[in-house]
Protein chains: 2
Amino acid sequence: MADRAEPAVKAGSGPEPTRDATLRSFTGYTMKRAFHAIQADLKDVLEPFGLRMLTFSALVVVVDNPGLRQAELADALVIERPNMVLIVDQLVEAGLISRAPAEGDRRAYALRPTEEGRALYQRATAAVRAHDERMTKNLDEEKRQLLVSALGLIEAVQWEEDDNGERS
Amino acid sequence: MADRAEPAVKAGSGPEPTRDATLRSFTGYTMKRAFHAIQADLKDVLEPFGLRMLTFSALVVVVDNPGLRQAELADALVIERPNMVLIVDQLVEAGLISRAPAEGDRRAYALRPTEEGRALYQRATAAVRAHDERMTKNLDEEKRQLLVSALGLIEAVQWEEDDNGERS
DNA sequence: GCATAACTGTTACTAGATATAACAGTTATG
DNA sequence: CATAACTGTTATATCTAGTAACAGTTATGC
């Protein structure tokens, strides 16, 4: 804690001196690094299909919930409606989903997958599943379940913070 | 799997029908959502200190490793060198760290925290620790340890993929 | 009924993170 | 000493994410 002048790390003293020990004690930092690795790998996995993480996610939700509206899709993916427009545009232009007028509400669109969209869904989902298994290959199934469970509990915290007066 | 016409979800049929069941089976998707929640909360935590996630991380590493260079800092945080410039600029302008010429190498700068930087480090780190404990309050210590361990194993996958011929 | 509020998708704009190419100055290597 | 490699930097590009504001449509309250 004293203000030493020059010690710290000298070039070539070791391979990787682990300079982020303090940050490693934070769950969020460790998660950021792990997610960064997943993101980079997944990007390469989806590229051959002409998809990004967001367009893949949107396609999956539309295939699983044909007929839903853009606002519902945005809610499901926790994306703001304005940001949903370009994502849906891209999927429509790629011929993977269709934007048909929703019957009974002239404001809204009903999103449905095309045949092509369903076919790509199958192939892309399989590739992403393989990617996921590759990224978690060092975890046994029990640990992977615990990981997903823990992540769910962390995400849920934001929905329960209304009465204990901690954060608004 | 058949191409049903209109079923899916009708407005008002339920509160939150869980339209992303398929995506939930992917570790990366669950992690993205959890990390998104952490990011949003952490942003609010750091704002009073005039820090962002990246500037906070950089400050912590500089305080813990006084004298290190920008390239070393970038490596430690897995950030490209060009992106490090603005982050260091911001910390220098805020008077939290100093960019002094590295002795023995006229190319490089040695980064060191100022007194002000060390003081803010203490306060911000405490706030982030509280934030981290709040986000993981639904996990007992064993589960939290398992989470961090699992995240580390996932991140490590990218460093061991050179000989099994899966991905370049 | 009808004024008002709320919702739909959209445009425009902003801020931030991340990545690459290319550069001048400096140091290391053969 | 010529060449390669490294330092920080600029410029540029893409993607994510968020807010404000809008016209058209639907729902609500009186």
Side-chain angles (χ1 to χ4, degrees), chain A residues 11-12 28-29 31-33 35-44 46-47 50-58 62 67-75 77-92 97-111, chain B residues 9-12 28-29 31-33 35-44 46-47 50-58 62 67-75 77-92 97-111:
Chain A
Y29 178 77
M31 197 182 302
K32 182 195 161 117
R33 294 190 62 127
F35 182 61
H36 186 264
I38 289 182
Q39 231 176 345
D41 190 88
L42 183 55
K43 183 185 172 185
D44 293 340
L46 290 176
E47 196 188 28
L51 294 171
R52 293 174 294 141
M53 282 186 55
L54 287 174
T55 51
F56 168 74
S57 303
V62 170
L68 91 169
R69 300 156 171 221
Q70 277 187 215
E72 293 172 331
L73 176 57
D75 281 353
L77 295 175
V78 197
I79 291 172
E80 299 301 317
R81 265 82 74 212
N83 298 327
M84 202 74 249
V85 177
L86 285 180
I87 296 170
V88 171
D89 279 353
Q90 199 165 326
L91 289 173
V92 170
I97 69 175
S98 69
R99 198 159 19 187
E103 44 183 320
D105 192 337
R106 277 184 291 179
R107 298 171 296 184
Y109 288 135
L111 305 177
Chain B
V9 192
K10 283 181 183 172
Y29 178 77
M31 196 181 304
K32 182 192 162 119
R33 294 190 62 127
F35 182 60
H36 187 264
I38 289 182
Q39 233 177 343
D41 190 87
L42 183 55
K43 184 186 173 186
D44 293 341
L46 290 176
E47 197 189 28
L51 295 171
R52 292 173 294 142
M53 283 187 56
L54 286 174
T55 52
F56 168 74
S57 303
V62 170
L68 91 169
R69 300 155 172 221
Q70 276 187 215
E72 294 172 330
L73 176 56
D75 281 354
L77 295 175
V78 198
I79 291 172
E80 299 301 317
R81 267 80 75 212
N83 298 326
M84 200 76 250
V85 178
L86 285 180
I87 294 170
V88 171
D89 279 352
Q90 197 165 327
L91 289 173
V92 171
I97 70 174
S98 69
R99 193 155 27 182
E103 44 184 321
D105 192 337
R106 279 185 291 180
R107 298 171 295 183
Y109 287 136
L111 305 177

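Each chain gets a letter, A, B and so on, in the order its sequence line appears, and its residues count up from 1. Just so it is clear, the structure is predicted and the values come from calculations on it, not from any experiment.
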**Prompt:** Between atom CZ in A/R99 and atom P in C/dT8, what is the gap in whole Å?
**Reply:** 15 Å

Please enumerate all protein N or O atoms sitting under 3.5 Å from an N or O of nucleotides 2-6 of chain D, with distances to 0.1 Å.
{"residue": "D/dC6", "atom": "O2", "partner": "B/R107", "partner atom": "NH1", "Å": "2.6"}

**Message:** Whole angstroms only, please: what is the CZ-C1' distance between B/R33 and D/dA17?
**Reply:** 15 Å

**Request:** Identify the two heavy atoms, one from A/L77 and one from A/S57, that lie closest to each other, and give their separation to 0.1 Å.
**Result:** CD2-CB, 3.9 Å

**Prompt:** Between CD1 of B/I97 and CG of B/L73, what distance do you get to the nearest 0.5 Å?
**Reply:** 7.5 Å

**Request:** Quick one: label A/K32 by what it contacts on the DNA or RNA (base, sugar-phosphate, nothing), any heavy atom closer than 4.0 Å.
**Result:** sugar-phosphate

**Prompt:** Tell me: CG of B/L77 to C1' of C/dA19, nearest whole Å?
**Reply:** 16 Å

**Asked** Between A/Q39 (CD) and D/dC15 (P), how many Å, whole number?
**Response** 13 Å

**Asked** Of all residues at least two apart in sequence or in a different chain, which pass the salt bridge (charged side-chain N to carboxylate O under 4.0 Å, His left out) check with B/D75?
**Response** none

**Prompt:** Of all heavy-atom pairs between B/M53 and B/F35, which one has the smallest distance, and what is that distance?
**Reply:** CE-CZ, 4.1 Å

**Message:** Rounded to whole Å, please give me the gap between CG in A/D44 and C1' in D/dC15.
**Reply:** 15 Å

**Asked** Going by heavy atoms closer than 4.0 Å, what residues in residues 79-86 of chain B are next to DNA chain D?
**Response** B/R81, B/P82, B/V85

**Message:** Could you spell out the base pairing of DNA chain C as a dot-bracket line? Use Watson-Crick and G-U wobble contacts where both distances are under 3.5 Å, [ ] for crossing pairs, | for partners on a different strand.
**Reply:** ||||||||||||||||||||||||||||||

**Request:** Would you please confirm or rule out a distance under 4.0 Å between OP1 or OP2 of C/dT10 and any side-chain N or O of A/Q70?
**Result:** yes

**Nearest non-hydrogen partners of B/M84 and B/A58, listed with the distance** = CE-CB, 4.0 Å

**Asked** Rounded to the nearest 0.5 Å, how far does CD1 of A/I87 lie from CZ of A/R52?
**Response** 6.0 Å

**Complete:** Rounded to the nearest 0.5 angstrom, the CD-NE2 distance for B/Q39 and B/H36 is 7.0 Å

**Item:** Minimum heavy-atom distance between B/A110 and B/G67, given as atom pair plus value
**Value:** CB-O, 3.6 Å

**Request:** Take B/D105 and A/R106, find for each the nucleotide of DNA chain D with the closest heavy atom, and name the residue whose nucleotide sits nearer the 5' end.
**Result:** B/D105

**Item:** Nearest-angstrom distance from the residue atom CG of B/D89 to C1' of C/dG16
**Value:** 16 Å

**Request:** Would you kindly give the CZ-to-P distance between B/F35 and D/dT16, to the nearest whole Å?
**Result:** 15 Å

**Prompt:** Given atom CD of A/E72 and atom P of C/dT8, what is their separation to the nearest angstrom?
**Reply:** 8 Å

**Request:** Please round to the nearest 0.5 Å and tell me the distance separating atom CD of B/Q70 and atom CZ of B/R107.
**Result:** 13.5 Å

**Message:** With rounding to the nearest 0.5 angstrom, report the CG to CG distance, A/L46 to A/L42.
**Reply:** 4.0 Å

**Prompt:** Of all residues at least two apart in sequence or in a different chain, which pass the salt bridge (charged side-chain N to carboxylate O under 4.0 Å, His left out) check with B/R99?
**Reply:** B/D89

**Item:** Residues forming a side chain to side chain contact (heavy atoms under 4.5 Å, CB included) with A/A108, sequence neighbours excluded
**Value:** A/R69, A/A102, A/D105

**Complete:** Ranking A/A108 and B/V78 by the position along DNA chain C of their nearest nucleotide, the one closer to 5' is A/A108

